[in-house]
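Everything on this sheet refers to the single structure shown next.
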Amino acid sequence: MPDRRLFYGWYLVVGLGVTTIVSYGISQYLFGVLVVPIQHDLHWSRATTSGAYSLGLIVAGFLGLIVGRFVDRYGARVVMSVGSILGALTMFGLSRVTGVWQFYLLWAGCLGVAMALTLYTVTFVVVANWFQRRRGTAMAVLTVVGGLSSPIYIPFAGLIVARLGWRSALVVLGVTALLIALPIHAFLVRRRPEDLGLLPDGDSMPEGHDPRSIAGRSLWEAMRQPAFWTLMAAGTLSTAAYSILLAHVIAYLIGRGYDPVVAAGALGLAGFASLPSRLIFNVVSDRLGPQLLLGICLFLQGLSVLLLMAVGPSPFLVAFVILYGIAFGAVSPLRASVLADHFGRLAYGAITSVQGVPIGIFAGAGPFLVGLLYDLYGDYRLAFSLTAAAFLAASLAVFVTPRVRLA
């Protein structure tokens, strides 16, 4: 009689989706809500504040070199549990900062480490190891659940900052990491299906199969492929552009006359708009392949930034929210699937972590440079023009990547 129990990988996917809501909510999605309140309270320039956010992304990128290899070998349970605890403690510490050096130490240092231990760079490694034929569907479920982070945490953070002040709000957000993310990371996460006597997708392990035999290319083999470099370029450009918008869109909208809560809500609504595309694009990728869909989504993100630059009348803001949301929601899981298709499971964590170094550097430099441009020129026109160009160039890099699959 066939075993009808649900494959454990699906429990992992849903659980990691829930922790993704929290992990992004107390880090990347939070920063944009804090820019204006911190500037008003502590009188720091936007370049100064954005520098901590940027440096945190760089720290996370470099630390990924160690984290990726560790997760390949030992799994993600300890890594993600430590990251949840560190993220919560960092929120508590940030609630008491009075000086720039304290803010940089906590946000760039401690939160940078926490991000390296808990965000998609780690969860995608887990999912890529547990699924193969249904990888697109698994990535879709993970990111549909995780995609609730921005529509939940950005408006929630904006509301409690308005009601309680930014310091008390950080304490509340830190508690959510301890009560929600930590238990799931500590008790649910497993390394690979082979550890349970299964193959990816829940397939039974054939007699005589060596559970230590994992298909895929080594890091050095992957680096000899043109696809490694074109996909790294695409990831670097698009993530830099994404981090710029995440850090500065709310402040930009406030400067264009929108209420702070409405501005935070607009970015949150983009998260809601992303949910159908996270599901549709990634499920369809199981049939059509993820690479073409990835290039299209990056192109749409570039177009959406041009709409953002026309924001003033609300129809342009609505158009940006819809188009950007549709595109950005699908990008990260599609890129994870593309990398897995090209390079397999053997060294997936190491491969993505090496690519994560320039991605982290550019993602970190982007918001800081945009803060400098704003301080110099008093507006975001030049910065957002460069942001749109980065998305379009990333799209081109994906389109020229050879469409290669492992046998």
Side-chain angles (χ1 to χ4, degrees), residues 20 22-35 38 44 46-68 79-80 83 86-87 90-91 93-94 100-101 103-125 146 149-150 153-154 157 173 177 232-251 267 301 328 331-332 335-336 349 352-374 383-384 386-387 390-391 394:
T20 296
V22 179
S23 298
Y24 274 91
I26 66 169
S27 58
Q28 291 191 16
Y29 291 142
L30 173 62
F31 182 81
V33 179
L34 298 178
V35 170
I38 287 178
W44 299 341
R46 293 193 186 176
T48 298
T49 309
S50 299
Y53 176 86
S54 297
L55 189 56
L57 295 177
I58 294 172
V59 168
F62 275 102
L63 188 60
L65 288 171
I66 301 172
V67 174
V79 162
M80 302 192 85
L86 182 58
T90 302
M91 292 295 103
L94 285 167
V100 172
W101 72 269
F103 187 72
Y104 270 69
L105 175 64
L106 288 167
W107 193 289
C110 297
L111 197 59
V113 174
M115 288 191 289
L117 301 178
T118 58
L119 298 188
Y120 277 140
T121 50
V122 179
T123 58
F124 284 159
V125 177
S149 182
S150 58
Y153 266 79
I154 293 175
L173 295 170
M232 184 169 70
T236 299
L237 291 167
S238 62
T239 306
Y242 161 77
S243 67
I244 288 168
L245 295 180
L246 202 58
H248 290 281
V249 160
I250 294 175
L267 201 54
Q301 282 185 289
F328 106 89
V331 165
S332 291
R335 181 175 182 273
T352 55
S353 66
V354 169
Q355 293 204 351
V357 172
I359 287 173
I361 291 172
F362 276 75
F368 174 70
L369 293 175
V370 166
L372 281 178
L373 289 173
Y374 178 87
F384 283 178
L386 295 173
T387 302
F391 276 128

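All of these numbers come straight from a predicted model, not from anything done at the bench.
Two residues are said to be in side-chain contact when any heavy atoms from C-beta on lie closer than 4.5 Å; Ile250 and Val35 fail this criterion. Leu117 places a side-chain heavy atom less than 4.5 Å from the side chain of Val67. Using a 4.5 Å heavy-atom threshold, the side chains of Leu237 and Phe362 count as separate. When side chains are defined from C-beta on, Leu63 does not count as touching Met115, because their heavy atoms never get closer than 4.5 Å. The side-chain heavy atoms of Phe31 and Leu246, taken from C-beta on, include no pair separated by under 4.5 Å. Residues Leu111 and Met91 meet the side-chain proximity criterion, which asks for heavy atoms closer than 4.5 Å. Contact check for Gln28 versus Tyr242: side-chain heavy atoms found under the 4.5 Å cut-off. A 4.5 Å side-chain heavy-atom check between Tyr153 and Ile26 finds at least one atom pair inside the cut-off.
Tyr104 approaches Thr48 most closely through the heavy-atom pair OH-O, 2.6 Å. Across every non-hydrogen atom of His248 and Pro367, the tightest pair is NE2-O, 2.9 Å. Nearest heavy-atom pair, Thr118 versus Thr123, reported as atom, atom and distance to 0.1 Å: O-CG2, 4.1 Å. Summarising the geometry of Thr90 relative to Cys110, their closest heavy-atom pair is OG1-CB, 3.2 Å, with the distance given to 0.1 Å. Here the shortest heavy-atom pairing between Gly349 and Val125 reads CA-CG2, 3.8 Å. The minimum heavy-atom distance linking Ser238 with Ala234 is given by the pair OG-O, 2.8 Å.
Put simply, CD1 on Ile359 and CZ on Arg335 are 4.0 Å apart, with the number rounded to the nearest 0.5 Å. Atoms CZ and CG, on Phe103 and Leu94 in that order, are 6.0 Å from each other to the nearest 0.5 Å. Note: Thr20 OG1 to Met80 CE = 6.5 Å, rounded to the nearest 0.5 Å. Between the CG atom in Leu386 and the CG atom in Leu369 there is a gap of 9.5 Å [rounded to 0.5 Å].
The closest donor-acceptor contact from the side chain of Thr239 to the backbone of Thr236 lies at 3.5 Å or more, if one exists at all. Counting only distance, with no hydrogens or angles, the side chain of Ser149 and the backbone of Gly25 share a donor-acceptor pair below 3.5 Å.
The number of heavy atoms from other shown groups lying within 6.0 Å of CZ (Phe384) is above 12.
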Using a 3.5 Å cut-off and no angle test, enumerate the donor-acceptor pairs between side-chain atoms of residues 49-61 and protein atoms at least two apart in sequence or in another chain.
{"from": "Thr49", "atom 1": "OG1", "to": "Ser45", "atom 2": "O", "distance (Å)": "3.1"}
{"from": "Ser50", "atom 1": "OG", "to": "Arg46", "atom 2": "O", "distance (Å)": "2.7"}
{"from": "Ser54", "atom 1": "OG", "to": "Ser50", "atom 2": "O", "distance (Å)": "3.0"}
{"from": "Ser54", "atom 1": "OG", "to": "Gly364", "atom 2": "O", "distance (Å)": "2.2"}
{"from": "Ser54", "atom 1": "OG", "to": "Phe368", "atom 2": "N", "distance (Å)": "2.9"}

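Applying the side chain to side chain donor-acceptor pair (under 3.5 Å) criterion to Gln301, with sequence neighbours excluded, gives no partner residue.
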- Task: Evaluate the criterion side-chain contact (heavy atoms from CB on, under 4.5 Å) for residue pair Phe391 and Leu245; output intermediate values, then yes/no.
- Result: CA-CA 11 Å; Phe391 276 128; Leu245 295 180; 3.9 Å; yes
